[in-house]
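Structure first, then comments.
Note on naming: letters A, B, ... go to the chains in the order of the sequence lines (proteins, then strands), and numbering restarts at 1 for each one.
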Protein chains: 2
Amino acid sequence: MSVGERRPPGARSASVKDVAATAGVSLGTVSNVLNRPERVSAATRERVERAMNDLGFVRNESARALRAGKSRTLAYVMLDATNPFFTDVAQGIELAAEAADLSLFICNSDNRASREDTHLGHLQQQRVQGILITPVDPEADSLDTIARHGTPLVIVDRIRHDESFCSVAVDDVLGGRIAVEHLIDRGHTRVAFVGGPLSIGQVDDRWRGAREAWAEAGLPEDALILIPTTALSVSEGRSAGERLAGLPSRRRPTAAFCANDLIALGLLQQTISSGRKVPGDLAIVGYDDIEFAAAAAVPLTSVRQPRHELGRMAADLVMDEADNPRHAHQQVTFTPELVARASTLG
Amino acid sequence: MSVGERRPPGARSASVKDVAATAGVSLGTVSNVLNRPERVSAATRERVERAMNDLGFVRNESARALRAGKSRTLAYVMLDATNPFFTDVAQGIELAAEAADLSLFICNSDNRASREDTHLGHLQQQRVQGILITPVDPEADSLDTIARHGTPLVIVDRIRHDESFCSVAVDDVLGGRIAVEHLIDRGHTRVAFVGGPLSIGQVDDRWRGAREAWAEAGLPEDALILIPTTALSVSEGRSAGERLAGLPSRRRPTAAFCANDLIALGLLQQTISSGRKVPGDLAIVGYDDIEFAAAAAVPLTSVRQPRHELGRMAADLVMDEADNPRHAHQQVTFTPELVARASTLG
DNA sequence: CAACAGAATTGAAACCTTTCAAGAGGAGCT
DNA sequence: AGCTCCTCTTGAAAGGTTTCAATTCTGTTG
């Protein structure tokens, strides 16, 4: 195909066979040029390479994968592509995949089990080398099905109780703890935990950590109240703000620890726009330390998770499971860190 | 393979051949069950389906793709995975792909041409059915190379001058225009355009639209000033805010139109935290209407682009180019819309 | 009962790459 | 000349699916 000419869609592209014919060598030699160039004499190599160029040869990954029995691809099934936390994790995974010269499928389950299943089905058909997933439900049977078929799978930012998979997560109990300890240090004695549903393991853990810290400080149990939300979204944060504002002032918390930054931002916005001050009337701690946390009207104190490291470690684990015959599942836990900003320090 | 048993990694999984043997039929029949079930008698079909279940058969997409000469996969090469605008576009694409039962590769060039090239190379090897891309440089040669190989390619949210590809974009000149018209309507007579670099086509278009509206309103040319930034990020917005604040008050604009919401949020934050009021001291209009725009301390007036529709249309175009032999390239332009909020209305 | 139509099923070939045992060719040594 | 030892190259087979022409089977009609 001469330069500048567009191949009509559907037309067959050059294969190793065509290259071999053009260069006047055998198939095997072309393959050697591609995979073991040192075994081919310089002259032949050059001839083959010229033929490749002339024909615009592009390796066919499907054929490679078929032959090899597996593809050179990893996949990450995200829970929510609009949540910056997950896009950062994805970036970490991407870097690791790139370093290993693997392609990465990114899918988005959008929090729906049915979409997750569809994606998992496709990925299995693709014979991806490994799957990283933040599942809608870490106990779901569909994950076992994948494993039963022999596809390495690592759970990201969730934990499964029976440890039958590798997983990477951040210690959320500890995260809840340091958030509330910070508020206690700042002198707060009435605090709200805003978040939900508690069926999300994470949220429950953060809430547990919060209560532990509270109890250890010897504060009265009923002064730490739960403001439940139905999702971890900005709008739920706003609505929680209204409920908070509706409480009688002597029972109203002076600080809120939110299960994630989206809720915190919603709460922050609702608080400010209804004329109350942050942190004067209400101190706020978020969770995740997304980029917008620092960029909020009142920069948000937040619990930071090592997102890139999370992704990178998950990718490393899944590659180990794929390559290393003596692989053993492990549960890796990262330590979160409090980033104090104006929303609690003012 | 009996239920509950994990296939050792690397072990071969059941193929149509195995299914055929188990069900006591030929290969072709199994394939017919999969692809043309109506041609197979009910009894046989049932027998084959049971065999598939028993063996845990999963179609091998590589083999399918190899045989078919193309894969059942679309790809979107994003410019910046951390920008919510692009994740929304991706969501639109995803919906369209799902409806057509295609898988979607999402890649992130992270604004780097080298990564973009790597991704394009991989995608070409995968023989994806079509590529959607928001390119680092719409004029880049690498795009032509793809097209020359016969892979349909649609440019998203950018335009190429020679119209040699399909593209979908939003009319940015119009967007700039309506933003500034809105500010003029609100009585502003000194306005800043904050954004850059102008080498980004989009940014330049918005700036042009702004000037056109300004000129048409008969306002003095030098009362619309340009505050250039080196990137479209929150931190650049903050720094622009400092520069704005440094201007002598009689020349200081009373309103700013920002090239995107990230800049606007940075500017908003800097303005508020330095004690000035929005919109009292400075009215702000953003661009993109990302979720956080509405959730900002002062909800942000912004120019909304039909992001999902953008993605969906792009996917439709690329599928048309792949399937329809009489496909003709087209440049689709969407109309942006102003969403007025407190940051200009207060 | 023979012939036939239509439905159901079969078997082989093709897609492209990689691998590997085997072969060819050349150089150096005795 | 005959031999070994190298390096380089070859050719065939395998991997899983789909397609399609060819074949077998079932039931009906004359």
Side-chain angles (χ1 to χ4, degrees), chain A residues 10-49 51-52 55-73 122 124-129 149-150, chain B residues 10-49 51-52 55-73 122 124-129 149-150:
Chain A
R12 206 180 120 275
S13 63
S15 74
V16 272
K17 206 192 222 161
D18 303 318
V19 174
T22 305
V25 297
S26 77
L27 243 73
T29 301
V30 178
S31 181
N32 280 335
V33 170
L34 288 166
N35 301 300
R36 292 174 224 72
E38 75 284 359
R39 291 215 196 145
V40 181
S41 71
T44 311
R45 185 164 66 235
E46 203 182 308
R47 202 145 36 93
V48 171
E49 277 164 356
M52 287 183 179
L55 297 171
F57 169 76
V58 175
R59 258 168 152 162
N60 184 322
E61 180 61 30
S62 300
R64 260 159 61 95
L66 173 59
R67 173 69 224 231
K70 65 185 176 185
S71 69
R72 313 182 40 69
T73 303
H122 277 153
Q124 215 168 8
Q125 295 193 2
Q126 306 269 3
R127 300 288 192 277
V128 293
Q129 222 171 81
H149 277 272
Chain B
R12 203 179 122 276
S13 63
S15 74
V16 272
K17 209 191 220 163
D18 302 319
V19 173
T22 305
V25 298
S26 77
L27 244 73
T29 300
V30 178
S31 181
N32 280 335
V33 170
L34 288 166
N35 301 301
R36 295 174 224 69
E38 74 285 359
R39 290 213 197 148
V40 181
S41 73
T44 311
R45 183 163 66 236
E46 204 182 306
R47 202 145 37 94
V48 170
E49 277 164 355
M52 287 182 177
L55 297 172
F57 169 76
V58 176
R59 258 167 150 162
N60 184 323
E61 179 61 31
S62 300
R64 254 154 68 91
L66 173 58
R67 172 68 224 232
K70 64 184 177 186
S71 70
R72 313 182 38 70
T73 303
H122 278 153
Q124 215 168 7
Q125 295 192 2
Q126 306 270 2
R127 300 290 192 274
V128 292
Q129 224 172 79
H149 278 272

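- Across all strands shown, Ser15(B) has heavy atoms under 4.0 Å from sugar-phosphate atoms exclusively, and none from any base.
- The Ser41(A) side chain lies nearest to dT9(D) when the options are dT9(D), dT18(C), dA8(C).
- Under 4.0 angstrom from either OP1 or OP2 of dT18(C) there lies at least one side-chain N or O belonging to Asn35(A).
- Here Arg59(B) reaches the OP1 or OP2 of dT18(D): one of its side-chain N or O atoms lies under 4.0 Å away.
- Looking at Thr73(B) and His122(A), their side chains never come closer than 4.5 Å, going by heavy atoms from C-beta outward.
- In this structure, Gly69(B) reaches neither bases nor backbone, as no heavy-atom distance under 4.0 Å exists between it and the strands shown.
- Following rounding to the nearest Å, Glu61(B) (CD) and dC15(C) (C1') show an atom-to-atom distance of 14 Å.
- Looking only at side-chain heavy atoms (C-beta outward), Val25(B) and Val33(B) stay at 4.5 Å or farther from each other.
- For the pair Ala63(B) and Thr29(B), nearest-nucleotide mapping onto DNA chain C gives the more 5' position to Thr29(B).
- For the pair Asn60(A) CG and dG15(D) P, the computed distance is 18 Å after rounding to whole Å.
- Side-chain contact between Asn35(A) and Arg64(A): present, with at least one pair of heavy atoms (C-beta onward) separated by less than 4.5 Å.
- Here the straight-line distance linking atom CZ of Arg36(B) with atom OG1 of Thr29(B) works out to 11.0 Å at 0.5 Å rounding.
- Comparing Arg67(A) and Val58(B) by the nucleotide of DNA chain D whose heavy atom lies nearest to each, the residue mapping closer to the 5' end is Arg67(A).
- Rounded to an integer number of Å, the gap from CD of Glu38(A) to P of dT7(D) is 12 Å.
- Under the 4.5 Å side-chain criterion, counting only non-hydrogen atoms from C-beta, Thr22(A) is in contact with Leu55(A).
- Nearest-nucleotide positions on DNA chain D for Val40(A) and Ala14(B) put Val40(A) closer to the 5' end.
- At the phosphate of dT9(D), OP1 or OP2 sits under 4.0 Å from a side-chain N or O atom of Thr44(A).
- Across the protein-nucleic acid pair, Arg127(A) atom CZ and dT17(D) atom P stand 7 Å apart, rounded to whole Å.
- Ser31(A) comes within 4.0 angstrom of a nucleotide base, judged by non-hydrogen atoms across all strands.
- Here the side chains of Val58(A) and Arg127(B) are in contact, with some heavy-atom distance below 4.5 Å.
- When rounded to the nearest whole Å, the span between NZ of Lys17(B) and P of dT18(D) equals 15 Å.
- OP1 or OP2 of dT19(C) lies within a sub-4.0 Å distance of a side-chain N or O belonging to Arg36(A).
- Protein atom CZ of Arg47(A) is 12 Å distant from nucleotide atom C1' of dC8(D), rounded to whole Å.
- A close approach under 4.0 Å does not occur between any side-chain nitrogen or oxygen of Arg39(A) and OP1 or OP2 of dC8(D).
- Within 4.0 Å (heavy atoms only), Leu27(A) reaches at least one base atom of the nucleic acid.
- To the nearest angstrom, P of dT19(C) lies 9 Å from CG of Asn32(A).
- Straight-line distance from the CG atom of Leu66(A) to the C1' atom of dT19(C): 14 Å, rounded to whole Å.
- When heavy atoms are screened at a 4.0 angstrom cut-off, Val25(A) is found touching the sugar-phosphate backbone but no base atom.
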